[in-house]
Amino acid sequence: MNSNDFPKKYDYPTVEKKIAQYWEDNEIYKFKHGAGNDKIYAVDTPPPYVSSAHLHVGHVMSYSQAEFIIRYKRMKGFNIFYPMGFDDNGLPTERYVEKKYKINKSKITREDFIDLCLKETKAGIETYKSLWKSAGISADYGLSYSTIDERSRKTSQKSFLALYDKGLIEKRNEPILWCPKCRTSLAQADVLIEEFGGVLYDIEFNSMSGKSLIISTTRPELLGGCVAIYANPGDERYKSLKDVRIKIPLYDRDVPVKYDESVDINYGTGLMMVCTWGDASDVIKWKEDKLDTFMIVNGAGRLNELSGNYSGLNVKDAKKAIVSDLRELSLIKGEKPLVHHVGVHDRCETPIEFILAKQWFVKILEHKERFINAGNAMKWHPEFMKTRYDEWINNLKWDWNISRQRFYGVPFPVWYCSDCGEAIVADEASIPVDPVTNPPHIDKCPKCGGKEFKPETDVMDTWMTSSMTPFINTSWAYGRDADNGLFNKVYPMSLRPQAQEIIRTWLFYTVVKSIYHTDIVPFENIMISGWGLDKNGKKMSKSQGNFVDPENIIAKYSADALRYWASKAGLGQDLRFNEEDVVNGRRLLIKIWNAARFLITNVHRGFNPHEKNITEIKIGQVDKWIITELENTLKICETDMESYNYSSSLRTATDFFYNVYCDNYLEIIKNIFWEEDGKNDDRKNTVLNVMYFVSLNVLKIFAPFLPFITEELYLSFYKNFENDKSIHLSAWPEFDKGLVFDDSVKIVGILLNILDASRKLRTGLNLHQNHRASKLLIKTLNPDYIEVINEISGDIMSAARVRRIVFSDKADFKTGDDALFISIEK
RNA sequence: GGGCGGAUAGCUCAGCUGGUUAGAGCACCGGUUUUACAAGUCGGGGGUCACAGGUUCGAACCCUGUUCCGCCUACCA
């Protein structure tokens with residue numbers, strides 16, 4: 001570009017589109033597989049579940065934050081393995097489709113439903129890709145994966161087969177967590193605890209000997225499922241009940257009394273009704289004490305025939321009916337409102353129930369210690385997030401149930417013998433298979449010789465696939481040598497960036513799988529981002545309607561400006577969205593543009609920044625000072641980036657750029673460019689070289705954050721003198737001790753004190769910005785200053801916009817330096 | 001119930017292992033437009049660092065307790 005043509009305004013909508021295209025056309029972010037650079041930095045990209053139109057600026061925030069580090073690593077010379085993932089299988093997508101088309105799984109065929117899911121998935125992927133690209137996310141889109149594609153299905157099924165072989169997966173018939181709305185079983189990680197207002201009913205029971213007993217419960221509708229009454233073994237009141245049976249009100253049934261330490265003497269009357277099953281403690285007691293089983297709630301959340309008169313009612317209506325009947329019999333002796341905590345399905349917020357069912361489980365309870373150790377073997381950023389991981393593992397109560405009674409997911413590679421029920425798992429060569437459409441590889445049941453087989457119709461938990469991302473990415477399912485040994489090169493991966501709410505799912509399950517399959521932790525570093533909050537500090541979400549559309553913000557202020565906002569929160573910190581910060585980002589861009597413009601438009605023909613080394617040209621004190629300040633900045637920025645403290649890095653860079661480089665250095669030197677041609681040519685050339693050196697390095701430390709504008713300036717100007725085809729492939733500027741001139745910093749400190757004071761005086765004198773005052777009077781109490789001031793008098797006059805400097809005792813305005821006073825005469 | 005994070009200017013936030021007079025941006029007030037930038041620039045006002053104790057020559061920072069906000073976790077049914 002001809003420097004005279006350099007645009008006055010930064011036209012970011014046009015430029016950002018153009019630059020994004022440049023990156024794509026030139027494969028700037030392509031992973032160089034097999035090209036010799038084995039200094040690999042591998043990222044396990046989060047695959048957010050694909051349902052277009054729920055994306056908000058918070059998503060851009062967390063992706064950007066990880067990407068700041070990734071871009072930095074790229075400039076540090078790493079060969080970046082950065083695939084883009086799209087999570088599109090499983091219940092989240094199904095829920096999205098159900099809502100969008102107002103259907104549910106009982107009113108549509110499996111095939112039609114899957115078709116709709118695939119259609120939405122495809123649309124979702126396009127929306128995501130387009131947003132990530134416009135936000136400048138530097139993934140290698142050629143490495144994209146979707147969790148429903150063939151490679152993912154093969155990987156999940158291979159994992160299933162491998163763990164089945166190791167005895168780490170098994171099918172069991174036991175009480176499981178169940179969502180009556182989605183009609184599927186769930187894992188503990190799919191359940192959230194929510195606060196509910198409820199009522200604690202004191203209900204009168206009678207022992208068979210006629211003794212009246214008051215028992216408190218929040219779930220009278222489960223009376224029909226009551227299988228025992230518990231008391232604390234130390235509770236004197238109830239010791240006599242040993243061997244006594246208790247009659248259940250409304251039902252013609254009686255149950256035993258049992259004792260357990262877990263019963264709180266002070267809660268209610270100290271008696272506890274245990275049912276099949278109201279909560280986890282019921283299940284535990286049922287297992288430990290081998291209680292009877294009276295399952296009165298069915299999979300649809302309705303009471304069944306075992307409940308007698310209440311059969312067919314849903315849980316809520318049954319509660320009303322039973323309470324009303326108990327009232328009529330005067331068996332309700334008390335009602336206390338209380339707040340209690342109920343587990344709900346995280347996708348639909350329906351309270352979960354326990355039902356008995358045959359399900360596939362990945363055993364995890366017996367290996368908790370290994371997972372805790374794995375957590376300790378990875379570096380957490382920020383550190384305190386590891387607590388959540390540890391806490392989750394320590395509190396696990398159930399093995400990981402991976403069966404889902406749904407349609408859209410990866411099928412189990414399993415059939416059952418119609419005669420004896422024996423499970424037949426697929427052979428590895430045939431996966432991925434869908435047992436509903438594919439026959440098994442054998443024609444005879446190995447156990448009973450039966451020739452008929454039924455497919456497993458459940459699908460796997462979506463996390464069964466997502467937990468395999470490091471393996472999907474590296475084609476592990478095709479053998480460890482597949483894809484030129486990619487797995488061995490990339491695994492374990494350098495970085496797992498992700499949001500905090502999926503520590504217990506995506507992260508935990510990935511660790512489980514990785515440990516089981518390889519016995520090696522999957523990541524060196526884990527980076528946990530906070531949430532994007534709305535203006536009022538509430539979490540942004542589609543359902544709350546308080547989300548900000550990133551496309552609009554990018555269109556209005558540019559992607560770089562949005563990324564600037566994203567840099568404001570440190571790791572693990574939530575960040576409020578306020579448009580002011582985006583506006584500030586745009587201001588920074590404009591400032592960068594204009595500072596570059598000053599250099600570019602002053603560069604003469606024949607300018608060559610590499611003719612001599614920066615130290616070999618005749619640099620003055622102010623040049624040495626600005627170079628020193630730059631070096632100190634580079635040092636801090638590098639330290640910050642190395643410790644994932646990107647926020648501080650950008651702040652430091654911005655401070656230097658604004659307050660030191662623009663407001664002071666450029667202000668001090670710019671006057672020389674106003675002189676007639678021919679005058680000061682040497683000095684001009686020196687200053688241009690210094691500006692080139694400083695501004696290019698500043699641009700580089702801005703580059704991870706503001707990839708578009710830095711690239712635009714690089715390509716349109718700096719690249720004329722540099723070799724790299726993108727600033728993002730250029731080398732991160734290393735701190736150079738040889739470019740630190742502490743004496744110059746001291747000397748220029750005097751100048752800056754004078755400049756600062758003179759600005760105050762000029763404001764007081766109402767002087768025009770560029771008015772050249774006639775005299776600057778200086779008084780100094782430090783004789784050493786005189787020589788220094790004489791040496792840099794040209795710069796002082798230039799900076800303070802004065803024609804002459806005079807040492808005079810009349811100077812009476814104290815500067816920031818106690819030994820230095822100045823005055824200005826108009 | 002247990003735990004984690006936070007509370008600093010009107011607003012959004014910096015403030016390193018304790019060290020002069022606690023910073024920035026926005027907002028507010030005033031000056032200033034041919035000479036990189038008015039989406040600018042220069043200057044100014046504005047804070048009992050949540051509260052109460054303690055340690056120290058010295059505390060926004062360390063310790064103890066309290067309050068409020070957010071979150072994680074939990075078998076008082």
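Chain naming here is simple, since letters A, B, ... match the order of the sequence lines and numbering starts at 1 in each.
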A.B. asks: Tell me whether the side-chain N/O atoms of Arg651(A) come closer than 4.0 Å to OP1 or OP2 in G25(B).
C.D. replies: no
A.B. asks: Can you check whether Lys568(A) has a side-chain N or O nearer than 4.0 Å to OP1 or OP2 of G25(B)?
C.D. replies: no
A.B. asks: Starting at CG of Asn394(A) and ending at C1' of C72(B), how long is that distance when rounded to a whole Å?
C.D. replies: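 Going from CG in Asn394(A) over to C1' in C72(B) covers 13 Å.
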A.B. asks: Using the ring of each side chain (for Trp, its six-membered ring), is His604(A) parallel, tilted or perpendicular to Phe607(A), with breaks at 30° and 60°?
C.D. replies: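 His604(A) vs Phe607(A) ring planes: perpendicular.
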A.B. asks: Let me know the distance between CZ of Phe673(A) and P of A36(B), rounded to the nearest Å.
C.D. replies: 10 Å
A.B. asks: Taking any heavy-atom pair under 4.0 Å as a contact, classify Asp390(A): base, sugar-phosphate, or nothing.
C.D. replies: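 Contact class for Asp390(A): none.
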A.B. asks: Establish, yes or no, whether the cationic atom of Lys635(A) lies under 6.0 Å from the six-membered ring centre of Phe735(A) and within 45° of the ring axis.
C.D. replies: yes
A.B. asks: With rounding to the closest Å, how many angstrom separate the P atoms on C11(B) and C28(B)?
C.D. replies: 15 Å
A.B. asks: Please determine whether a side-chain nitrogen or oxygen atom of Arg388(A) lies at a distance below 4.0 Å from atom OP1 or OP2 of G3(B).
C.D. replies: no
A.B. asks: For Gln573(A), answer base if it contacts any base atom (sugar-phosphate contacts may also be present), sugar-phosphate if it contacts only those atoms, and nothing otherwise; contact means non-hydrogen atoms under 4.0 Å.
C.D. replies: sugar-phosphate
A.B. asks: Indicate whether OP1 or OP2 belonging to C75(B) is found under 4.0 Å from a side-chain N or O atom of Lys285(A).
C.D. replies: no
A.B. asks: Under 4.0 Å, counting only non-hydrogen atoms across every strand here, what does His341(A) touch: a base, just sugar-phosphate, or nothing?
C.D. replies: base
A.B. asks: Output the rounded distance in Å from OH (Tyr661(A)) to P (C37(B)).
C.D. replies: 15 Å
A.B. asks: Can you check the Arg597(A) CZ to A38(B) P distance for me, whole Å?
C.D. replies: 9 Å
A.B. asks: What is the distance from CG of Leu396(A) to P of C75(B), rounded to the nearest Å?
C.D. replies: 11 Å
A.B. asks: Under 6.0 Å from the ring centre and within 45 degrees of the ring axis: does the NZ or CZ of Lys591(A) meet both conditions for the six-membered ring of Phe657(A)?
C.D. replies: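 The answer is no, since Lys591(A) fails at least one limit relative to Phe657(A).
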A.B. asks: Taking the side chain of Arg759(A) as heavy atoms from C-beta outward, which of C42(B), C37(B), A77(B) is closest to it?
C.D. replies: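 So the side chain of Arg759(A) is nearest to C42(B).
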A.B. asks: Going by atom types only, do Arg597(A) and Asn594(A) share a side-chain donor-acceptor pair under 3.5 Å?
C.D. replies: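 No.
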A.B. asks: Considering only U73(B), C71(B), U41(B), which nucleotide approaches the side chain of Trp392(A) most closely?
C.D. replies: U73(B)
A.B. asks: In whole Å, I'd like the distance from the CD1 atom of Ile193(A) to the P atom of C71(B).
C.D. replies: 15 Å
A.B. asks: Report the nucleotide, chosen from A36(B), G43(B), A77(B), that has the shortest atom-to-atom distance to any side-chain atom of Thr218(A).
C.D. replies: A77(B)
